[in-house]
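Residue numbering restarts at 1 for every chain, and letters A, B, ... go by the order of the sequence lines. Every value quoted in this text rests on a predicted model; they were computed, and no experiment measured them.
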2 protein chains.
Amino acid sequence: MDYSIEFLTRRLKSKAIRPSYQRIKVLEYVHQKGGHPTADDIFRALSGDIPSLSKVTVYNTLHTFVKAGLLRVVDIDDGEKRYDVTLADHGHFQCEACGTIFNFRVNIDQVPIEGLERFEITQKNVYFKGLCPNCLQPTANGRKEEAR
Amino acid sequence: MDYSIEFLTRRLKSKAIRPSYQRIKVLEYVHQKGGHPTADDIFRALSGDIPSLSKVTVYNTLHTFVKAGLLRVVDIDDGEKRYDVTLADHGHFQCEACGTIFNFRVNIDQVPIEGLERFEITQKNVYFKGLCPNCLQPTANGRKEEAR
DNA sequence: TTCATTTTTGAAACGATTTCAAATTTATAA
DNA sequence: TTATAAATTTGAAATCGTTTCAAAAATGAA
Ligand SMILES: [Mn+2]
Ligand SMILES: [Mn+2]
Ligand SMILES: [Zn+2]
Ligand SMILES: [Zn+2]
């Protein structure tokens, strides 16, 4: 994929967000890294490149991006919020052993819903929990993988 | 419904939880009040009856109840966790204007899922957001109801 | 270059929850 | 009943992600 500075700059400008160095770096990180990083993941990853970087800037930037629809919040974890570049509708599974968050395909619009006839729905989240294949796999000694 | 001390005591004993005064009162509150109270809702409601009550006791008690399967956590709100006595599978809708959390019927097991073939699922949550009928209703002057 | 606006920054505040150790209550054994 | 151990409750302090705040720095317009 093309996550060049020019591409990211254009993406920001298209949302009327000024392409500051910090913002471009945050956007670059979430695109290149993918997955579901926390604000702190992003802060620690960029601190090297931008020694002056403040955590508040990361928070500000993430808020801006979410409001502009560039990112989506995943709030499955207790504790920290996570940020997701994948905007297409999908569900999230969090492994209770290793904590990893996985995406899965789910067509929530096909589900029969009862009781929201007069409601206006703007956001649909599907969060599952359980054990991922890695953590289900028994190790050589016959026990489960160690939880992190 | 019968939420007598005897009933609640039996319910606790059946889960091997010692029926202390505090625990019975918390269990009574969540049953009688229903809905999705926060730890603080419960604490403030019971402080009158139990002047010595500590918030830590409420937290301890809620953890115990959740672990025993007497309550379910609803983590849709940013901020505070909420507790739910309704154990049957259902979805949660939070109104973005008034904050109220509503239940709705959803048969999540009927939804086609792709990508979790080798996962062990132990918990399925469906969280919607949007506007509830009250907050959608225009007032006399033509504007929406005031958000809380 | 000015001057206004936006962005970044570190420190401090916030707020729900957890940790901790002491005090109290309850159960068990002698 | 009394002694002792175990469980529960409690208030204070700690934790931790996030927000608020005001000043400094960067950027844009005139
Ligand atoms: Mn995702
Ligand atoms: Mn509910
Ligand atoms: Zn796992
Ligand atoms: Zn509402």
Please figure out whether A:K55 or B:K55 has its closest DNA chain C nucleotide nearer the 5' end.
A:K55

Between [N] ([atom2]) and [X] ([atom1]): distance, integer Å:
{"X": "B:D77", "N": "D:dT18", "atom1": "CG", "atom2": "P", "value": "15 Å"}
{"X": "B:E80", "N": "D:dG17", "atom1": "CD", "atom2": "C1'", "value": "15 Å"}
{"X": "B:H63", "N": "D:dT9", "atom1": "NE2", "atom2": "P", "value": "14 Å"}
{"X": "A:D78", "N": "D:dT15", "atom1": "CG", "atom2": "C1'", "value": "15 Å"}
{"X": "A:Y59", "N": "D:dT19", "atom1": "OH", "atom2": "P", "value": "7 Å"}
{"X": "A:L62", "N": "D:dT19", "atom1": "CG", "atom2": "P", "value": "10 Å"}

Judged by atom type as modelled, is there a donor-acceptor pair below 3.5 Å linking the side chain of B:T38 to the main-chain atoms of B:K81?
no

N/O donor-acceptor pair under 3.5 Å between A:Y83 side chain and A:I42 backbone
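Side chain of A:Y83 to backbone of A:I42: no pair is present.
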
Give one of base, sugar-phosphate or nothing for B:K81, where a contact means two heavy atoms less than 4.0 Å apart.
sugar-phosphate

Over all strands shown, is B:N60 touching base, sugar-phosphate only, or nothing at heavy-atom distances under 4.0 angstrom?
base

Taking atom types as modelled and ignoring hydrogens, do the side chains of [X] and [Y] form a donor-acceptor contact shorter than 3.5 angstrom?
{"X": "B:T100", "Y": "B:Q94", "value": "no"}
{"X": "B:H90", "Y": "B:R72", "value": "yes"}
{"X": "B:N103", "Y": "B:H36", "value": "yes"}
{"X": "B:H92", "Y": "B:D84", "value": "yes"}

Can you give the first and last nucleotides of DNA chain C, 5' to 3', that have an atom under 4.0 Å from a heavy atom of chain A?
C:dT6 to C:dA11

Which of residues 18-41 of chain B sit near DNA chain D, with a heavy atom under 4.0 Å from it?
B:R18, B:S20, B:Q22, B:R23

Charged N to carboxylate O below 4.0 Å: is that the case for B:K124 and B:D109?
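Yes.
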
Does one hydrophobic cluster hold both A:L8 and A:Y29, with members joined at side-chain heavy-atom distances below 4.5 Å?
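Yes; tracing contacts between hydrophobic side chains, which count when under 4.5 Å, links both residues.
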
Ring centroids only, cut at 6.0 angstrom: are B:F119 and A:F128 within range, meaning strictly under it?
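Judged by ring-centre distance (under 6.0 Å), B:F119 and A:F128 do not meet the cut-off.
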
